[in-house]
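Numbered from 1 within each chain, the chains take letters A, B, ... in sequence-line order. Please read all numbers here as calculations on a predicted model, not as lab measurements.
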2 protein chains.
Amino acid sequence: MIVIGNEILSGRTQDKNLAWMAKELNESGIRLTEARIIPDIEQTIIETVNTCRARFTYVFTSGGIGPTHDDITTAAIAKAFGVPVERNAGALAILQRHYGQADLTPGRLKMADIPATATLIANPVSAAPGFCMQNVYVMAGVPSIMQAMFNGIKHGLQGGPKMLSRTLSAYVTEGIIAEALTAVQANNPHVEIGSYPFIRQQRLGVSLVARATDSALLDTTYSQLKHMLQGFTAEIEENDPAA
Amino acid sequence: MIVIGNEILSGRTQDKNLAWMAKELNESGIRLTEARIIPDIEQTIIETVNTCRARFTYVFTSGGIGPTHDDITTAAIAKAFGVPVERNAGALAILQRHYGQADLTPGRLKMADIPATATLIANPVSAAPGFCMQNVYVMAGVPSIMQAMFNGIKHGLQGGPKMLSRTLSAYVTEGIIAEALTAVQANNPHVEIGSYPFIRQQRLGVSLVARATDSALLDTTYSQLKHMLQGFTAEIEENDPAA
């Protein structure tokens, strides 16, 4: 996932797309393996897209495909693929239908300019489409629009088995359980166990998250984690016992 | 900024460190130019740190320096720099003082293992230190701890002039103002103008953010943006008129 936009890097806007996409991709059996947040600088967009599309199965971008001068993602993606940007007949028809000919300002017309050979991604919210070039899916930055775009394309993505997870939390510190936790991880090599310390009402605790695609393995690991924690404290929260 | 942790990429945890750091760095006159969120995979950490430390003035990492098996950042950073991890006398003294000898479990002792040649970053919240290797600052992932660590080091960072910003919002769409906005940007080449569409109570609007280090240039651009918007709508919000 590549989030494109100075507003995220300046701290003005808290990105919401990344966490949403992480969950959605997981539901589709696709693991989000890296995210980058980059500025609206053409060369940075080109380099980042080219690096990521060579390295990962799918690349999703959000941001920078609107009508204003700072929306440079479309042109940069075209350059990354070495193709021109051209007026797209399908996009033009969509914009004409949405705005009517009279309100189709030059700014809005810019949103009909799409890299050659791209296929369009429908935008049910505000019409102007995203697009797909090979394994790169280019979406809007406004969360409601990006989500609608992704919902339209996700069934065409090829995922593996869905990653399942179960979580336990306890008021015990990581330093106390670290060795016992390492032993549980060693016993369960096909389950990924993450340990996340927290501070809640000035008390230290830890959440243990077990993740696997096999629910039986996951349940076994969960039981072992629970048993291990019970050796240290009675204050255990089973966050999703019925998962 | 490199955020290290599977929990962010799985969607389980919404990262809070990035937006906080973006604002703090801006206050210090340092521009956050890229952020990457990467998993707890040693080779990925090594490659990402080596790429970024060669490319950027400063690199900040968060996450993965705790006592458990999934905390692999310290070892990965040492490998990125080609130095061994060794028991650090200063870190050991800090942990002994904080926990007392009796509670210094093997897991906690692991947090005294620091790459050779690193300098420590104080942790006023939970003692176990972060560390700095050349231009790479390695901090904890828990937001309160990361923030305390950064507050301890920020005065030693060399920033440029602070980036100032002023924002105007209006209930007008980007497609309508795009050309006029391009003209304002062209008139003010030393001010960066960003255009951010929003949907609020089912109405479309746009926020225009002008950013510059020179407050006089910024004020001039702001006035021109306001005048430009007034040509389209009376519904203008001056988000920070007194900035």
Which distance, rounded to the nearest 0.5 Å, do you find between the CG of A:Leu208 and the CG of A:Leu168? 6.5 Å
Most chain A-contacting option - heavy-atom pairs closer than 4.5 Å, from B:Glu179, B:Arg31, B:Lys16: B:Glu179
For A:Tyr99, does its backbone N or O pair with a side-chain atom of A:Gln96 as donor and acceptor, under 3.5 Å? no
Aromatic centroids of A:Tyr171 and A:Phe232 separated by under 6.0 Å: no
Find out whether B:Leu157 and B:Phe150 are in side-chain contact, i.e. whether some heavy atom of one side chain is under 4.5 Å from a heavy atom of the other. yes
Quick one: of B:Val209, B:Ile199, B:Asn26, who has the most non-hydrogen atom pairs under 4.5 Å with chain A? B:Val209
Between B:Val206 and chain A, with a heavy-atom cut-off of 4.5 Å, which part of the residue counts as in contact: side chain, backbone, both or neither? neither
B:Arg108 side chain to A:Thr173 side chain, donor-acceptor N/O pair below 3.5 angstrom: yes
Picking from B:Leu32, B:Thr105, B:Thr68, B:Thr33, which has the most non-hydrogen pairs under 4.5 angstrom with chain A? B:Thr68
Sort B:Leu18 into side chain, backbone, both or neither according to what part of it lies under 4.5 angstrom from a heavy atom of chain A. side chain
Distance in Å, A:Glu47 CD paired with A:Glu42 CD, rounded so as to fall on 0.5 Å steps: 11.0 Å
Contacting moiety of B:Glu24, where chain A heavy atoms sit under 4.5 Å: neither
4.5 Å side-chain heavy-atom contact, B:Val49 and B:Val59: no
Chain A shares the most heavy-atom pairs under 4.5 Å, among B:Ser126, B:Ser10, B:Pro39, with B:Ser10
Most contact-rich option vs chain A, by heavy-atom pairs under 4.5 angstrom, among B:Pro67, B:Ser144, B:Ala128, B:Pro197, is B:Pro67
Please flag which part of B:Gln185 lies under 4.5 Å from any non-hydrogen atom of chain A: side chain, backbone, both or neither. side chain
Side chain, backbone, both or neither: which part of B:Asp71 has an atom under 4.5 Å from a heavy atom of chain A? side chain
By a 4.5 Å heavy-atom criterion (distance strictly below it), what part of B:Thr13 contacts chain A: side chain, backbone, both, or neither? neither
